[in-house]
Amino acid sequence: MNDDEPPHPPGTSGRLRTLVRSLAPDLSPWRASRDFRFLWLSGCVTSFGSYLTYVAVPMQIKELTGSSFAVGLIGAFELVPLIVFGLWGGALADALDRRKLVLRAEAGLGLLAGLLLLNALLPSPLLWPIYLVAALVAACDGLQRPALDSLTPRIVPHQHLTAAFALNSLYRNAASVAGPALAGVVVAFSGVGTAYALDVLTFAASLLLLVRIRAVPPATGAERPSVRAVLTGVRYAWSRKDLLGTYTIDLCAMLFAFPVAVFPFLASELGADWALGPMYAASAAGALLVGATSGWTSRIHRHGRLLVVAAVGWGAAMALAGLSGSIWLVLLGLALAGGADEISGLARSTMWNQSIPDEVRGRMAGVELLSYSVGPQLGQVRAGTMAGLVGVRAAVWSGGLICVAAVLAVAAALPKLLAYDDRTDPHTAAVRAGHERAEREREQRREREAAPATD
């Protein structure tokens, strides 16, 4: 090099590579666990199809009734089955083979997607079967979700849990971007029946992947499923004020700032019916961006504080979407909300799975299911009802502001949430020790099985 030529800044390329590695998703769970790879691929496939139905159902109800209240009412039909079967599913997940429970529920969900398809193919589709199937889907989801959520800590090493949840959120958000966008096109040109048919096919593919996962039997001495077992889980959740804070904040965020039910009406009010698919996809796009740059989350230790900040961001972004008269600002607000929700979800999942012992993990997953699923169902009812009373945009922005106030109030009332630190939390330390002990026992068992037989 010419002596007069200025040298390149030392270490610039190295620092750039370090920055890229720090942001890129951590693939350690994928490399470390064969079962996680099958579970991840199954979730990727079925999430894609489920988002097709997620968009098609409110579109079909809107076409049949023209009522925002009728669209929001679907949440009311899902609420009770989700509560009852979510809690019972948690007890089953602690007492049975979680893989078998996930498989059976997945098959049931596929059959219900088939019923929606049959109804859509009728010369005059009926409204009541849609509500009935929605209730049954909520019941199946309540039975499956605790087993599914508590499966990951059993098949992924403890130190890779945060990375595993980030990878799971990556496929969910990618599917939720592609699914609604495709659903808008499919419904517009082929009708809701095609969307339901594609969902049935994805469930079939998902089942073929799930059967490859090895059995995940319950812990030794697991408590039999019963009302008493369910109450034991509820009491444990109540005793952990840090966990209680995560449940309550998520419930508030979804109850007050989840206006998905009124998206078709918001798009029409803004003169942008073409934007309905992008509106469903915008939140997922923001979440996908966060998930694709989630490497930094593995270095976070104060997950309670991260959760509060993210939940406030979710509410503020939804308020922005409601106050905006431009469809482009609405999409921006929804994308910001999705990014905040992704951060919130990673913080919650990490706290739950780092600090909850395996013997109650399924029941806690049932409680978690209520916190992040009941809220959206009630949120749909709230948004649909308020839209009828005060207008669509007011229903959106007012809910966002109420969400911000509610999150701050919960954080002030439950200081243990803000104090959570996985480096010093005794529950996390106990779970980590138990996980490491179980890993050693499994490794020793594999070594004995692989050892050559002796005379």
Enumerate, atom names and distances included, each donor-acceptor pair closer than 3.5 Å involving a side-chain atom of residues 320-340, sequence neighbours excluded.
from: Ser324; atom 1: OG; to: Leu320; atom 2: O; distance (Å): 2.6
from: Ser326; atom 1: OG; to: Trp328; atom 2: N; distance (Å): 3.2

Under 3.5 Å, side-chain donor or acceptor atoms of residues 306-318 against the rest of the protein: list the pairs with distances, not counting sequence neighbours.
from: Trp314; atom 1: NE1; to: Ala253; atom 2: O; distance (Å): 3.2
from: Trp314; atom 1: NE1; to: Ala257; atom 2: O; distance (Å): 3.2

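The backbone N or O of Pro217 lies less than 3.5 Å from no partner atom in the side chain of Arg98, so there is not a single donor-acceptor pair. Of the possible polar contacts, one joining the Ser33 side chain to the Ile155 backbone as a donor-acceptor pair under 3.5 Å is found. In terms of modelled atom types and a separation under 3.5 Å, the side chain of Arg145 and the main chain of Gly86 share no donor-acceptor contact. In this structure a side-chain-to-backbone donor-acceptor pair under 3.5 Å is present from Trp40 to Leu167. Of the possible donor and acceptor atoms, one in the side chain of Arg99 sits under 3.5 Å from a partner among the backbone N and O of Ile213. Of the possible donor and acceptor atoms, none in the side chain of Arg363 sits under 3.5 Å from a partner among the backbone N and O of Gly90. Judged by distance alone, with hydrogens and angles left aside, the side-chain atoms of Thr152 form no donor-acceptor pair with the main-chain N or O of Asp149 at under 3.5 Å.
For the pair Thr46/Phe203, a side-chain contact is recorded, criterion being any heavy-atom separation below 4.5 Å from C-beta on. Side-chain contact check for Val390 versus Ser398: every heavy-atom pair is 4.5 Å or farther apart. By the 4.5 Å heavy-atom criterion applied to side chains, Trp352 and His303 are not counted as neighbours. Using a 4.5 Å heavy-atom threshold, the side chains of Leu414 and Asp242 count as separate. The shortest side-chain heavy-atom distance between Val137 and Phe77 does not fall under the 4.5 Å cut-off. Annotation: side chain of Arg393 is not in contact with side chain of Pro259 (no heavy-atom distance under 4.5 Å).
Within the model, atoms CH2 of Trp88 and OG of Ser226 stand 6.0 Å from one another, a figure rounded to the nearest 0.5 Å. Here the straight-line distance linking atom CG of Leu201 with atom CZ of Phe48 works out to 11.0 Å at 0.5 Å rounding. Separation of atoms CG (Leu41) and CG (Leu210) is listed at 10.5 Å; rounding is to 0.5 Å. Here the CG-CZ distance, from Leu151 to Phe36, works out to 10.5 Å after rounding to the nearest 0.5 Å. Going from atom CZ of Arg104 over to atom CG of Leu101 covers 8.0 Å, rounded to the nearest 0.5 Å. Atoms CD and SG, on Glu106 and Cys140 in that order, are 10.0 Å from each other to the nearest 0.5 Å.
Asp341 is linked by a salt bridge (charged side-chain N to carboxylate O under 4.0 Å, His left out) to nothing, counting only residues two or more places apart in sequence or in another chain.
Screening Thr246, Thr248, Leu243, Leu244 against Leu417 for a side-chain contact (heavy atoms from CB on, under 4.5 Å) leaves a single residue, Thr246. For the side-chain contact (heavy atoms from CB on, under 4.5 Å) test with Thr53, the passing option among Leu116, Val133, Val200 is Leu116; the others fail.
Counted within 6.0 Å of CZ on Arg37, heavy atoms from surrounding residues, nucleotides or ligands total more than 12; the atom is thus considered enclosed. With a 6.0 Å radius and a threshold of 12 heavy atoms from other residues, nucleotides or ligands, Arg224 has its CZ atom at or below the threshold.
The minimum heavy-atom distance linking Phe258 with Ala383 is given by the pair O-CB, 4.3 Å. Of all non-hydrogen atoms in Pro58 and Val71, the two that sit nearest each other are CB-CG1, 3.8 Å. The heavy-atom pair separating Pro146 from Asp141 by the smallest distance is CD-O, 4.3 Å. Taking every heavy atom of both residues into account, Ala215 and Asp97 meet most closely at CB-OD2, 3.2 Å. Looking at every heavy atom in both residues, Arg212 comes nearest to Asp35 through O-OD1, 4.2 Å. Contact record, Ala138 with Leu82: O-CD1, 3.6 Å, taken as the closest heavy-atom pair.
Inspection of the Ser355 and Asp425 side chains reveals no N or O donor paired with an N or O acceptor under 3.5 Å. Using modelled atom types, one finds a donor on one side chain and an acceptor on the other under 3.5 Å when comparing Ser42 with Ser206. Between the side chains of Ser344 and Arg348, at least one donor N or O sits under 3.5 Å from an acceptor N or O. No side-chain N or O of Glu359 forms a donor-acceptor pair with one of Tyr236 less than 3.5 Å apart.
Ionic pairing of Asp421 and Arg423 is present here: one or more N-O contacts between side-chain nitrogen and carboxylate oxygen are shorter than 4.0 angstrom.
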For this session: Go through the steps for Tyr247 and Met364 under the test side-chain contact (heavy atoms from CB on, under 4.5 Å), then give the verdict.
Result: CA-CA 11 Å; Tyr247 304 146; Met364 290 301 95; 3.9 Å; yes
